[in-house]
Amino acid sequence: MVHNGIIENYDELKAELQADGHEFTSDTDTEVVPHLIEDAMAAGHDFEAAFRAAVSRLEGSYALAAVTADAEAILATRRDSPLVVGVGDDAAYLASDVPAFLEFTDRVVYLEDGEFARLESGSWTVTDDEGLLLEKSVSRVEWDAEETAKSGYDHYMLKEIHEQPRSLRQCLRDRVDELTGSVDVEALEGLSPKSVQFVACGTSYHAACYGAHALREAGVPSQAFLASEYATAPAPVSEETLVVGITQSGETADTLAALRQAERRGVETLAMTNVVGSTAARECDRTLFIRAGPEIGVAATKTFSSQVVACNLLSAAIAERSDAREVVGALRDLPGQVQELLDESHAEAVADRFLDSDGYFFIGREYHHPVALEGALKMKEITYKHAEGFPAGELKHGPLALVTEETPVFAVVTGDGETAQKTIGNVKEVEARDAPVVAVTDGVSEVGRYAEEVLEIPETHPRVAPMLANVQLQLVAYYVAKKLGRSIDKPRNLAKSVTVE
Ligand code: F6R
């Protein structure tokens, strides 16, 4: 039995099964399923009927696959948890995500909730919950196997950081008109909401913060919500609200719950996702694919920068801006600038210097605020060290108490406008407390004067600079984790797709 998800009524089922003499050998919720199957087989059902009978007793979310020692088939089903069938020439595959079998086939059948798959060597069938045969279409995914190999890099995360020039180009391809600064994305045609609410989790939430800021700046009321909060405490909507779910995997349970919440209230929904065929892509009214290619490392890297580019496309489609042409020009130059940064970054030396620090702080204002949040998240999830990101102005409202000479502060500052000057004021505050400052900055800002280390980024439009700054912070987190010997691609306690609420 393989199970992804949570069987919510397992206590009850376990008590019932134990009362009937079943002996459990683990504390997992999963174990009730094979006992239920055993029970039904003992009552005379064949394996498939027993599997269906067992599944009919379950409450919760699950992708399940079952096999017996002498069975010729693998049986599988799903509810609120992803499950896909890979169709090979002489084999069939089962996984919760396509990259798992991409090495063997690029043909995929997406299972819906309540459908049952039966896999035998070289053949597969899908039936509904009553056993009726369904005609499922086979989709071909555009990703290729090479994209899912490490290609000489020590870790997928490093490979994916280095793939950003390419993934950003893919995200933009055929979607922007450099002459007019307009965007041409089918999914966004005719979109004219009066307000936008973003729902997302983790890294995707940071992209959502960026997107909401971009729309607000263009005069469209817009907010980013953590999906897990929005699912139970949604914000008021009107008929002209658009709810955008940003989700790399398209399978994050919290984000799906928030989007379903929006759908129930009758508002238009848009999924911004990386995975064609994912649940979010299938359930939302519109879909904007970020085209980052498969991301294997648990820590999101290239998908974040593509999400931020996609937020620019979305914002341009919804609201007219006087600087549209400059932004499009800067986006066009972005992949090349990321490459330049990757070639020249000395993030590894910075990582070396601050390896033993007690903790790390990340500050930035406005468009750099999401980068500060993301820099801290990357650092904590792969190094297991304490890291906090916040808007620079918040520093003196509490976190400053934690700032010491053992806590480097990464300050993201670009340009020389009022916002940059204010952040520099905050940098001086931490410097006065002897905290080492690492400035992530362009050649314009004078923040470097107050910093012990400078991670430079090429000069660009203020809306594009955060993506470059973020690449420097990805590299710092990566090298700190590497030097500490962490499990970078699979950090402890984390999963690539979080399919339970
Ligand atoms: C962090 C990370 C997570 C995900 C979050 C949402 O590196 O990967 O925080 O961003 O679990 O996942 P998606 O975007 O698939 O909805």
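Counting convention: from 1, in listed order, for ligands and their atoms alike.
Close approach of ligand 1 to Ala299 is summarised as follows: ligand atoms under 4.0 Å from at least one heavy atom of the residue are 7 (O). Atoms of ligand 1 found under 4.0 Å from any heavy atom of Thr252, numbered from 1 in the order shown, are 6 (C), 12 (O), 13 (P), 15 (O), 16 (O). Residue Glu381 has at least one heavy-atom neighbour below 4.0 Å for each of these atoms of ligand 1: 1 (C), 7 (O). The contact set between ligand 1 and Gln248, taken as ligand atoms under 4.0 Å from a residue heavy atom, comprises 13 (P), 14 (O), 15 (O), 16 (O). The ligand atoms of ligand 1 that sit less than 4.0 angstrom from a heavy atom of Ser204 are 10 (O), 13 (P), 14 (O).
The shortest N or O to N or O distance between Gln307 and ligand 1 is not under 3.5 Å.
Ring pair Tyr360/Phe354: centre-to-centre distance not below 6.0 Å.
The protein heavy-atom contact nearest to atom 11 (O) of ligand 1 is Val498 CG2, 4.0 Å. Among protein heavy atoms, atom 10 (O) of ligand 1 sits closest to Thr203 N, 3.1 Å. Ranking protein heavy atoms by distance to atom 6 (C) of ligand 1, first place goes to Cys201 O, 3.4 Å. For atom 15 (O) of ligand 1, the closest non-hydrogen atom on the protein side is Ser249 OG, 2.7 Å.
Ring-plane geometry between His206 and Phe304 is classed as perpendicular, the angle between the planes exceeding 60 degrees on a 0 to 90 degree scale with a lower cut at 30.
Geometric assessment of Lys150 against the ring of Tyr156 yields a positive cation-pi assignment under the 6.0 Å and 45° thresholds.
Taking 4.0 Å as the cut-off between side-chain N and carboxylate O, Asp154 and Lys482 count as a salt-bridged pair. The pair Lys302-Glu295 does not meet the salt-bridge criterion, since no charged nitrogen lies less than 4.0 angstrom from a carboxylate oxygen.
Using a non-hydrogen distance threshold of 4.0 Å, Ser497 does not register as a contact of ligand 1. For Val298, the heavy-atom gap to ligand 1 drops under 4.0 angstrom. Residue contacts with ligand 1: Lys378 is included, with a non-hydrogen atom under 4.0 Å away.
Residues Thr279 and Glu251 have side chains that bring a donor and an acceptor to within less than 3.5 angstrom of each other.
Counted within 6.0 Å of CG on Asp343, heavy atoms from surrounding residues, nucleotides or ligands total more than 12; the atom is thus considered enclosed. Environment of CD in Glu103: sparse, with no more than 12 heavy atoms of neighbouring residues, nucleotides or ligands closer than 6.0 Å.
Minimum heavy-atom separation, Ser315 to Arg463: OG-NH2, 3.7 Å.
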